[in-house]
S.K.: 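Let me begin by handing over the structure; questions about it come next.
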Amino acid sequence: MENGAAKPVIVAIDGPSGTGKSSTSKAVAAQLGLSYLDTGAQYRAITWWMVNNGIDTADPSAIAAAAAKPEILSGTDPTEPTITVDGVDVSGPIREQDVTSKVSAVSAVPEVRARITELQRAIAASAVTGIVVEGRDIGTTVLPDADLKIFLTASPEARAARRSGELKGADLHTTREALIKRDAADSSRKTSPLAKADDAVEVDTTDLTLQQVVECVVTLVEEKRAGK
Ligand SMILES: Nc1ncnc2c1ncn2[C@@H]1O[C@H](COP(=O)(O)OP(=O)(O)OP(=O)(O)O)[C@@H](O)[C@H]1O
Ligand SMILES: Nc1ccn([C@H]2C[C@H](O)[C@@H](COP(=O)(O)O)O2)c(=O)n1
């Protein structure tokens, strides 16, 4: 680049539910001065809109017909990420159980994926210093030319324990079953399923603290930047 400005760095972080993608991505982006995009929040936002507008989320053709209607905006400051639908802040409602239980069905519809993927690519292309984008298909489909691809994993037991801690002691078995069911749906859909890209670095976070995972990813980004 001219004037010695560093080339924007694009980091893709994918993995199943509860592996630490959001926590890791936000911390890495904040530490390295990069933007941050939570693509799961975008799929949750469009699901929230479908539910609130009376669209039958069990009917893929009804979802497809409405997919272009909501305006979804993501704020990419890692210290204060935001998400709005038609100007309404939905950061709270998109985490509710009703949306969580329907998001896999809505996000499996090809018209929804095409719409959201286009948004994601535009946001990544406009990130001045670079961006950490987290989701399920970032390394495989959304940003196949990302500078660094990470695939986070963790045992179902560790992921359930983390989630039930967040949900103030929700039953561990029920939480484990729910996340296994959502991962199975996300992995088995036809269009851009949850998958590890061939060139992604896999990091098993089961026995690592969040801080250790963040350090590991920051080191990998710095090595990439240094051309190692
Ligand atoms: N390495 C870790 N050790 C312990 N807890 C962790 C670790 N990484 C993340 N957590 C905790 O696990 C919970 C889930 O993390 P996070 O939301 O980042 O996962 P995720 O992969 O983005 O999940 P989802 O895909 O469902 O949004 C959070 O409470 C987070 O603080
Ligand atoms: N790139 C992505 C990101 C998310 N999804 C879908 C599948 C998930 O179950 C759901 C919610 O994601 P989360 O907030 O748990 O990260 O959104 C997807 O299909 N592709």
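Given the structure is predicted, the values throughout are model-derived calculations rather than measurements. The first residue of the sequence shown is numbered 1, and numbering continues consecutively from there. Below, all heavy atoms of this structure are taken into account, side chains as well, without hydrogens, waters or symmetry copies.
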S.K.: Apply side-chain hydrogen bond (donor to acceptor under 3.5 Å, both in side chains) to Asp98 and list each qualifying residue two or more places apart in sequence or on a separate chain.
M.R.: Lys102
S.K.: For Asp59, check side-chain hydrogen bond (donor to acceptor under 3.5 Å, both in side chains) against everything at least two apart and list the hits.
M.R.: Ser61
S.K.: I need the Leu194 CG to Ser188 OG distance, nearest 0.5 Å.
M.R.: 9.5 Å
S.K.: Suppose we screen for side-chain contact (heavy atoms from CB on, under 4.5 Å). Which residues come up paired with Thr84, at least two apart in sequence or across chains?
M.R.: Leu73
S.K.: Other than Val214, what residues sit in its cluster of Ile, Leu, Val, Met, Phe, Trp and Tyr side chains whose heavy atoms are under 4.5 Å apart, directly or through others?
M.R.: Val9, Val11, Ile13, Val28, Leu32, Leu34, Val132, Leu148, Ile150, Leu152, Val201, Val203, Leu208, Leu210, Val213, Val217, Val218, Leu220, Val221
S.K.: Do Glu202 and Thr153 pass the side chain to side chain contact (heavy atoms under 4.5 Å, CB included) test, and can you show the C-alpha distance, the side-chain angles, and the key distance before you say yes or no?
M.R.: CA-CA 7 Å; Glu202 185 165 328; Thr153 63; 3.5 Å; yes
S.K.: Ignoring hydrogens and geometry, is there a side-chain-to-backbone donor-acceptor pair from Glu222 to Thr219 under 3.5 Å?
M.R.: no
S.K.: Looking at residues at least two apart in the chain, or sitting in another chain, which of them share a side-chain contact (heavy atoms from CB on, under 4.5 Å) with Ala41?
M.R.: Asp38, Ile83, Ile94, Arg95
S.K.: Grab the two heavy atoms, one from Ala124 and one from Ile10, that are nearest each other, plus how far apart they are.
M.R.: O-CD1, 4.0 Å
S.K.: List in chain and number order the residues that pass side-chain contact (heavy atoms from CB on, under 4.5 Å) with Ala185, two or more places apart in sequence or in another chain; answer none if no residue qualifies.
M.R.: Ser104
S.K.: If you link ILVMFWY side chains whenever their heavy atoms are less than 4.5 Å apart, which other residues fall into the same cluster as Leu179? By chain and number, please.
M.R.: Ile180
S.K.: Does the side chain to side chain contact (heavy atoms under 4.5 Å, CB included) test come out yes or no for Phe151 and Thr19, once each step is laid out?
M.R.: CA-CA 9 Å; Phe151 194 82; Thr19 50; over 6 Å; no
S.K.: With Arg182, which residues qualify under salt bridge (charged side-chain N to carboxylate O under 4.0 Å, His left out), at least two apart?
M.R.: none
S.K.: Going by the rule side-chain hydrogen bond (donor to acceptor under 3.5 Å, both in side chains), which residues pair with Thr174 if we only count those two or more places apart in sequence or in a different chain?
M.R.: Asp171
S.K.: Which residues pass the side-chain contact (heavy atoms from CB on, under 4.5 Å) test with Ile123, sequence neighbours left out?
M.R.: Leu37, Gln42, Ser74, Thr76, Ile131
S.K.: Kindly state each residue pair satisfying side-chain hydrogen bond (donor to acceptor under 3.5 Å, both in side chains) with at least one member in residues 133-151, sequence neighbours excluded.
M.R.: Lys7-Asp147, Ser22-Glu134, Tyr36-Glu134, Arg113-Asp137, Asp137-Ser192, Lys149-Asp199
S.K.: If hydrophobic clusters are built from ILVMFWY residues whose side chains come within less than 4.5 Å, do Leu119 and Val112 share one?
M.R.: yes
S.K.: Could you list the residues that satisfy side-chain hydrogen bond (donor to acceptor under 3.5 Å, both in side chains) with Glu157, not counting sequence neighbours?
M.R.: Arg176
S.K.: Under the 3.5 angstrom rule, does the side chain of Asp86 hit a backbone N or O of Pro70 as a donor-acceptor pair?
M.R.: no
